[in-house]
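Scroll down for the structure; my scribbles are underneath it.
The structure presented is a predicted model; accordingly, all values stated were derived computationally and were not measured.
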Amino acid sequence: MDWPLLMIIAGGISLAMTGAWIAQRATGKSGWIDTIWSAAVGLGGIFAAVSAEGPFARRMTVILVVAAWALRLAWHIGARTKGGGEDPRYAKLMEDWGASASLRLFIFLQVQAFAAFVLVFSVYLAALNDKAYPSITDIVAVVLAAAALAGEAMSDAQLSRFRRRPEAKTEICETGLWRYSRHPNYFFEWLFWCCLPLFAITSSPISLLTLLAPALMYWLLVHVSGIPPLEEHMLRSRGDKFRALRQRVNAFFPGPRKSKFVSQGE
């Protein structure tokens, strides 16, 4: 375990999130925060995997998977931020924080840096696995990662198409994957990080630490910075329409709709 290397990566991520704080303060667009965070996780993960001591083929596979995730997500959020306004989740936080918003945002982003390091550490453990490659779990991990990336890209594309329609200002998206989950993009984001324990798992107890990646991502998306603030915004902006949606569509895990009555749009 190369702890000095990991500490250097942790410091780099902290500096990146300081840059994200500066970008938000300079532009007033919090979307750059998530863009930089995605890129920092990707670069940190790639650096960690390159420096690990597992078989070359597994390390390269992990690098390709993580790079694909980071490039897609950073590009998507960056493009959305460039052409849009403030992220409503961050806007509400800044409003609630009042005069101390700048300082509290800086601290909040350093907490995000720690979360990013947990993910990078899991990538490192996956690349550190020294068992023969490829194993059955490696193959399952690649298939799972590909399915998650495709599902998240499809969810984002469906929502982007909906937002270009006139009714998007007053309705709620219930097209495609959004018919079966209120947040399919979050579900597939979580699913992606479930691939790391499959890459990493060995008889060594330390490999179980990779479970921190999907556990952390689930907690953040479902209970902290994902669904709760976004649904609070939807309740304020859509009211009873969103309350009705919650009665018929699962919040996170895709599943059958709970009513035969379907609204037209989101």
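- The aromatic rings of F121 and Y124 sit parallel to each other, their planes meeting at less than 30°, with 60° as the upper class boundary.
- Judged purely by atom type and a 3.5 angstrom limit, E189 has no side-chain atom pairing as donor or acceptor with the backbone of E152.
- For F253, the CZ atom counts as densely surrounded, since its 6.0 Å shell holds more than 12 non-hydrogen atoms of other residues, nucleotides or ligands.
- In this structure the side chain of I9 reaches within 4.5 angstrom of the side chain of F47, judged on heavy atoms.
- Note that the CH2 atom of W21 and the CD atom of Q110 stand 10.5 Å from one another [nearest 0.5 Å].
- Listed for the S100 side chain is no donor-acceptor partner under 3.5 Å among the backbone atoms of L103.
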*Show the numbers, then the answer: is there a side-chain contact (heavy atoms from CB on, under 4.5 Å) between L93 and R104?*
CA-CA 9 Å; L93 282 176; R104 293 186 65 173; over 6 Å; no
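- Just one of R236, R182, R243 meets the salt bridge (Lys or Arg N to Asp or Glu O under 4.0 Å) condition when paired with E231; it is R182.
- Salt-bridge annotation for R89 and D34: present, with a side-chain N of the basic residue lying under 4.0 Å from a carboxylate O of the acidic one.
- Counting only distance, with no hydrogens or angles, the side chain of W32 and the backbone of T81 share no donor-acceptor pair below 3.5 Å.
- With R238 contributing its side chain and E171 its backbone, the two residues share a donor-acceptor pair below 3.5 Å.
- Side chain of S207 to main chain of S203: no donor-acceptor pair is present (N/O by atom type, distance under 3.5 Å, no hydrogens or angles).
- With hydrogens and angles ignored, the 3.5 Å screen pairs a side-chain donor or acceptor of T35 with a backbone N or O of G78.
- Inter-residue side-chain proximity for L144 and C194 is flagged as met; some heavy-atom pair is nearer than 4.5 Å.
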*Under the side-chain contact (heavy atoms from CB on, under 4.5 Å) criterion, do F114 and I13 qualify, and how do the steps go?*
CA-CA 8 Å; F114 175 77; I13 294 172; over 6 Å; no
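- Proximity of a side-chain donor or acceptor of R58 to a complementary backbone N or O of D130 within less than 3.5 Å is not detected.
- Aromatic rings of F106 and W97 (six-membered ring for Trp) have centroids beyond the 6.0 Å cut-off, not under it.
- Under a 3.5 Å cut-off, the side chain of R59 and the backbone N or O of A127 do not form any donor-acceptor pair.
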_T61/Y133 under side chain to side chain donor-acceptor pair (under 3.5 Å): CA gap, chis, key distance, verdict_ = CA-CA 10 Å; T61 302; Y133 180 90; 2.6 Å; yes
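- Close placement of the F252 and Y218 rings is indicated, their centers lying within 6.0 Å of each other.
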